[in-house]
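Everything below concerns the one structure shown next.
Chain identifiers are assigned alphabetically (A, B, ...) following the order of the sequence lines, protein sequences preceding nucleic acid strands; residue numbering begins at 1 within each chain. Only this structure's heavy atoms are used, side chains among them; waters, hydrogens and symmetry mates stay out.
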Amino acid sequence: MSEKILLIDGHSILNRAYYGLPELTNSEGLHTNAIYGFLNILFKTIEEEKPDYLTVAFDLHAPTFRHQMYEAYKGTRKPMPQELREQVPVMKDVLAAMGVCMISKEGYEADDLLGTLAKKSEEKGMEVTVLSGDRDLLQLASSHICIRIPKTRFGKTTVEDYFADDVKEKYQLSPEQIIELKALMGDASDNIPGLPGVGEKTATKILLEYGNVENAYAHVEDIKPNKAKNAFLEHYDLAVLSKKLAAINIDSPVEYDWESARIKDYYTQDAYDFFKELEFKNFLSRFEDTSAPAEVEKSFSTVTELDQAEEIFGKARQKPELGLHILKENGVFLGMGLSFLDEEKVLSYCFLPQGFLTEAYLLEQAQVLCQEAAMVSSLDVKSMLRHMDLENHTKMFDAGIAAYLMNPLKSAYTYDDIAKEYLGEMLPAKEDLLGKLNYTKGMKDQEEQAALSVCYMAYVALKSRKPLKKALEGTEMLHLFTNIEMPLLFTLSEMEKEGIRVNAQALKEYGDQLYVRILELEKEIYQEAGEEFNINSPKQLGVILFEKLKLPGGKKTKTGYSTAADVLEKLAPDHKLVADILEYRQLAKLKSTYADGLAVYIGEDERIHSTFNQTITATGRISSTEPNLQNIPIRMELGRLIRKVFIPRDGYVFTDADYSQIELRVLAHMSGDEKLIQAYQEAQDIHRMTASQVFHVPFDEVTDLQRRNAKAVNFGIVYGISSFGLSQDLSITRKEAAQYIENYFETYPKIKGFLDGLVTEAKEKGYVTTMFGRRRPVPELKSSNFMQRSFGERVAMNSPIQGTAADIIKIAMIRVGKALKEQNLKSRLLLQVHDELLVETAEDETAQVSAILEKEMKNAASLAVSLEIDMHTGSNWYEAK
DNA sequence: ATCCTCACG
DNA sequence: ACGTACGTGAGGATG
């Protein structure tokens, strides 16, 4: 069998990969998507073709012989974007580390080198594959030279193969005629001029008839489309030049030794280090044998036998420090990871619920371990607490929360990420081990891999504790972690376990009522529109409103017309159809998200147990999911009625307390603006006071409009003021909005200084902080994009305010929970909605609960202004607000 | 999977 | 000139 050589057009493939793949960077901010894509295509091709030789050709910056021929050739390719340019030298280094042969030559393009090598290799009797994104190369195709053109679209790569016959089939022309084709039609991307008015169609026709440019010119009078004939007469010299430009030089003076291109083992240590640095985890698995041995010995094993398990648990109970993870998916227990240090060796086990190793037994053992160990670390302590009753122990360490505090912008805190960042170890991620399988399926089909993943979780939890603690110390967040986040975790766990009672019957009736009206509206809308369509489809609705009925409003979103409420509201007064659609939307939302949506979460205990997530938001707030109980309607009366289905257990009432303008008070404190502080000390109605001071009118003469405007400005300040945003909100001009803002800053002079200071600080340090030291990085401030940068500025202004308010209510929650227990009350904290706490209060404890809420919420932080709350009791959530 | 819309603070 | 208010989660449509 003849030998095979693979030749690659380096820049062309990098280009393809760059534009075909989404942006990708490693932790250092180096762009890596082109390199990643290149390697992907390289590995894939090598695996498919199994070549004996490999060479990558790169262009140099030096001018080529084409420049001497044609002045305009200079401007050729459009300039490379910086994000791609920076990847080129790294790509070459990676290839060098892999021992891949590379060539380039002054005065010649990669095409010419590839053409020369392809032809020479063919002469030596080899099978040749040329990999390039450039169709120019098709002229090289023969029965032994295959041109492969990868196409990357939406992350998927398909490859088109061209031997000589394939070129003929696709273009009706021989490979050599591709040069003629280019000469006639030109190539914009290569800056090759063509004949005006001659495209691919005409060019192909001419070539089928006359074979080549010269012969066509000889018969120029017969050339069919008059336009082409004239173009030929006028610009024949141009076509001849273009032909020379398009022709690949297959006789470049390259010195090339095939032996140096022979494929060796490219899984070298150097390459491994590179892949690690670039964070190409998928590729690292190719380096099984050459991977660096870890410093500490590790062992990962799966346990399914009772006697084995008992021995391990016995050993673990002697250990001071454990890593633990309980794996549950969709409410099903799938396994338990346990890790500890044993004679300089880290042992990690995954216990699977099989035979005598029942779920109950394993969880019981886990609880015992948690009670007896001096320190237990886990990636998610709260999920563990679901299965066990633990007092608020200070010996628990939540590595997920620690990693979140270090960088709250990540979308997840997985063991492989934490290992990479805090242990410097590259562990295969869940996706590497199981692909797209979830753990439930993974445990069935790939038990070993899934179990290994569980081992890693316990292992990373154990090992990352100290580095994470160090990192928290170094960023002055250890106090925040130890005294706020960790205790809060226990409070949140209790809230989740407690749940909130919901009247399923009432909820059903509410939904049924909505449905009656929805059907009515649907009928009317179809009539008014003159046809039936899906009202829930913004696309279809846009066509009906703005094309069929030609209502004003035009385009707005990328994909078509905006049908958002603020757009429709402008049309509603004049068009009943639009008003009906708005009402329909409102009802449909209430029914799908709330009436129907909540019903499925009601448990056997009549209660809904939401999950409160502590590691989601960028600012430090908590979030609520499955279901979200932090966005239950209240602003519109019809929606607000839903709150009547949230009821306390028998013999209890609800006590609801919410902070009054906590964010504005935080702003007053943090800025130290005396005028705003004073305003809070004097007035109950801060918005009226603001209006009075900003618009220079006596307090009692402030009009409703003035108050409304002042309120909007107050909001705007907290959001990171911009005149545009304010103008949108108030439907005024930007100029007017800017005037309001200016007046505001004149009235409260220190606010501007404070907000500007936050932006400056963020630019200098790269992050902003809350009163309690919580950090939020603001990488957007470094962006070259104006929009992104402006966003960064608003974030820098808003996050310390929103985040400090979040810190304060977290402190209040911990203290309220603690006080309820210490006073031996039956009442329990159920929900937190950012500035509001809801307590299920035993009827005979209402006074104590009110006192606790009042005291703990008001005293959670000591500010220059007082923290005030509004408090209500009621027999359901509607009544308690 | 991603967009649009809309519910809350 | 750019094209937005800050922070979330969920449902439905659509590719």
Side-chain angles (χ1 to χ4, degrees), chain A residues 22 154-155 408-409 436 533-542 556-568 581-582 584-598 600-601 610-613 616-636 638-640 642-643 658-659 661-663 667 712-713 715-730 734 737 741 768 776 778 780 783-803 805-806 809 831-836 881:
Chain A
F154 313 120
L409 299 184
K436 324 176 251 191
F533 64 102
N534 188 341
I535 309 169
N536 288 318
S537 160
K539 197 178 162 191
Q540 293 180 38
L541 181 59
K556 209 179 166 194
T557 65
K558 276 132 197 136
T559 46
Y561 305 103
S562 168
T563 67
D566 59 334
V567 175
L568 299 192
I581 287 166
L582 280 169
Y584 173 92
R585 280 251 184 94
Q586 198 189 3
L587 302 197
K589 173 83 177 180
L590 292 175
K591 183 160 194 311
S592 67
T593 306
Y594 299 103
D596 300 347
L598 289 176
V600 304
Y601 288 101
S610 175
T611 300
F612 294 102
N613 205 309
I616 294 286
T617 72
T619 54
R621 281 186 173 183
I622 57 173
S623 84
S624 157
T625 53
E626 293 184 309
N628 182 355
L629 293 183
Q630 290 181 320
N631 71 346
I632 302 303
I634 191 167
R635 294 174 190 168
M636 303 293 287
L638 180 66
R640 189 176 195 148
I642 290 191
R643 292 179 172 236
D658 68 288
Y659 279 113
Q661 294 133 8
I662 186 170
E663 292 186 347
L667 174 66
V713 175
F715 267 94
I717 296 289
V718 169
Y719 289 158
I721 198 81
S722 83
S723 57
F724 185 90
L726 184 64
S727 72
Q728 284 291 298
D729 190 51
L730 287 176
R734 253 164 97 169
I741 294 167
V768 286
R776 168 168 185 179
V778 195
E780 295 88 352
S783 169
S784 56
N785 178 305
F786 172 83
M787 262 314 290
Q788 289 270 301
R789 232 172 27 247
S790 306
F791 174 72
E793 289 169 4
R794 294 195 293 271
V795 159
M797 295 188 265
N798 170 264
S799 296
I801 302 172
Q802 188 183 122
I809 196 166
L831 301 179
Q832 183 251 48
V833 192
H834 310 309
D835 68 350
E836 166 192 0
K881 275 297 282 185

Taking the side chain as C-beta and beyond, is there a heavy-atom pair between A:R585 and A:L568 under 4.5 Å?
yes

Tell me if the side-chain of A:R794 makes a donor-acceptor pair with the base of C:dT4, cut-off 3.5 Å, by modelled atom types.
yes

Choose from C:dA5, B:dA7, C:dT4 the nucleotide whose nearest atom is closest to any side-chain atom of A:P633.
B:dA7

CD on A:Q540 to OH on A:Y561, rounded to 0.5 Å
14.0 Å

Looking for any heavy atom pair under 4.0 Å, which part of the strands does A:R776 touch: base, sugar-phosphate only, or nothing?
sugar-phosphate

From the options C:dC6, B:dC8, C:dT4, select the nucleotide whose nearest atom is closest to the side chain of A:R635.
B:dC8

Whole angstrom value for the distance that separates C1' of B:dA7 from NZ of A:K881:
15 Å

Considering only the C1' atoms, how many Å lie between B:dT5 and C:dC2, rounded to the nearest integer?
25 Å

B:dC4 pairs with, by Watson-Crick or G-U criteria that keep both distances under 3.5 Å
C:dG11

For A:S562, answer base if it contacts any base atom (sugar-phosphate contacts may also be present), sugar-phosphate if it contacts only those atoms, and nothing otherwise; contact means non-hydrogen atoms under 4.0 Å.
sugar-phosphate

Counting only side-chain N and O atoms of A:S790, is one of them less than 4.0 Å from OP1 or OP2 of C:dG3?
no

In the structure I gave you, are the side-chain heavy atoms of A:L598 and A:L629 within less than 4.5 Å of one another anywhere?
yes

Base, sugar-phosphate, or nothing for A:Q802, non-hydrogen atoms under 4.0 angstrom?
base

Base, sugar-phosphate or nothing for A:A565? Non-hydrogen atoms, less than 4.0 Å.
sugar-phosphate

C:dT4 versus B:dC3 - spacing of their P atoms, nearest Å
14 Å

Contact class for A:D835 (heavy atom, under 4.0 Å): base, sugar-phosphate, or nothing?
sugar-phosphate

Considering only the P atoms, how many Å lie between B:dA7 and C:dG3, rounded to the nearest integer?
27 Å

Describe the nucleic acid contact of A:G720 in one word from base, sugar-phosphate, nothing, applying a heavy-atom distance below 4.0 Å.
nothing

Could you tell me how far apart A:D729 (CG) and C:dA5 (P) are, to the nearest whole angstrom?
11 Å

Given side chains that start at C-beta, do those of A:H834 and A:I662 come closer than 4.5 Å, heavy atoms only?
no

For the residue pair A:L831 and A:F612, establish whether any side-chain heavy-atom pair is separated by less than 4.5 Å.
yes

At 4.0 Å (heavy atoms only), tell me whether A:V718 reaches a base, stays on the sugar-phosphate, or touches nothing.
nothing

Per atom distances to the A:A618 side chain, the nearest of C:dC6, C:dT8, B:dG9 is C:dT8

Within the structure shown, what part of the strands sits under 4.0 Å from A:I634 by heavy-atom distance: base, sugar-phosphate, or nothing?
sugar-phosphate

For A:F791 and C:dT4, say yes or no: do the ring centres fall under 5.5 Å of each other while the ring planes differ by less than 30°?
no

How far does NZ of A:K539 sit from CZ of A:F533, to the nearest 0.5 angstrom?
14.5 Å

Rounded interatomic separation in angstrom, taking CD1 from A:I632 and C1' from B:dC8
9 Å

Determine the Euclidean distance between corresponding C1' atoms of C:dA1 and B:dC6; express it in Å to zero decimal places.
31 Å

Flag side-chain contact, heavy atom, 4.5 Å: A:E626 against A:Y601
yes

A:F612 CZ to B:dG9 C1', straight-line distance once rounded to whole Å
14 Å

Under 4.0 angstrom, heavy atoms only, what part of the nucleic acid is A:A796 near: base, sugar-phosphate, or nothing?
nothing

Just by protein heavy atoms under 4.0 Å, how would nucleotides 9-15 of chain C read 5' to 3' in B, S and -?
BSSSSSS

Rounded to the nearest angstrom, tell me the gap between atom CZ in A:F715 and atom C1' in B:dG9.
9 Å

Within-4.5 Å side-chain heavy-atom neighbours: A:Q802 and A:T617
no

Whole-Å distance separating the CZ atom of A:R789 from the C1' atom of C:dT4:
14 Å

From the options B:dT5, C:dA5, C:dG7, select the nucleotide whose nearest atom is closest to the side chain of A:L726.
C:dA5

Length of the line joining A:L541:CG and B:dC4:P, which is rounded to integer Å:
14 Å

Could you tell me how far apart A:I741 (CD1) and C:dA5 (C1') are, to the nearest whole angstrom?
10 Å

Nearest 0.5 angstrom please: A:E793 CD to A:S722 OG, how far?
10.5 Å

Please name the nucleotide paired to C:dA1 by Watson-Crick or G-U wobble geometry with both distances under 3.5 Å, or report none.
none

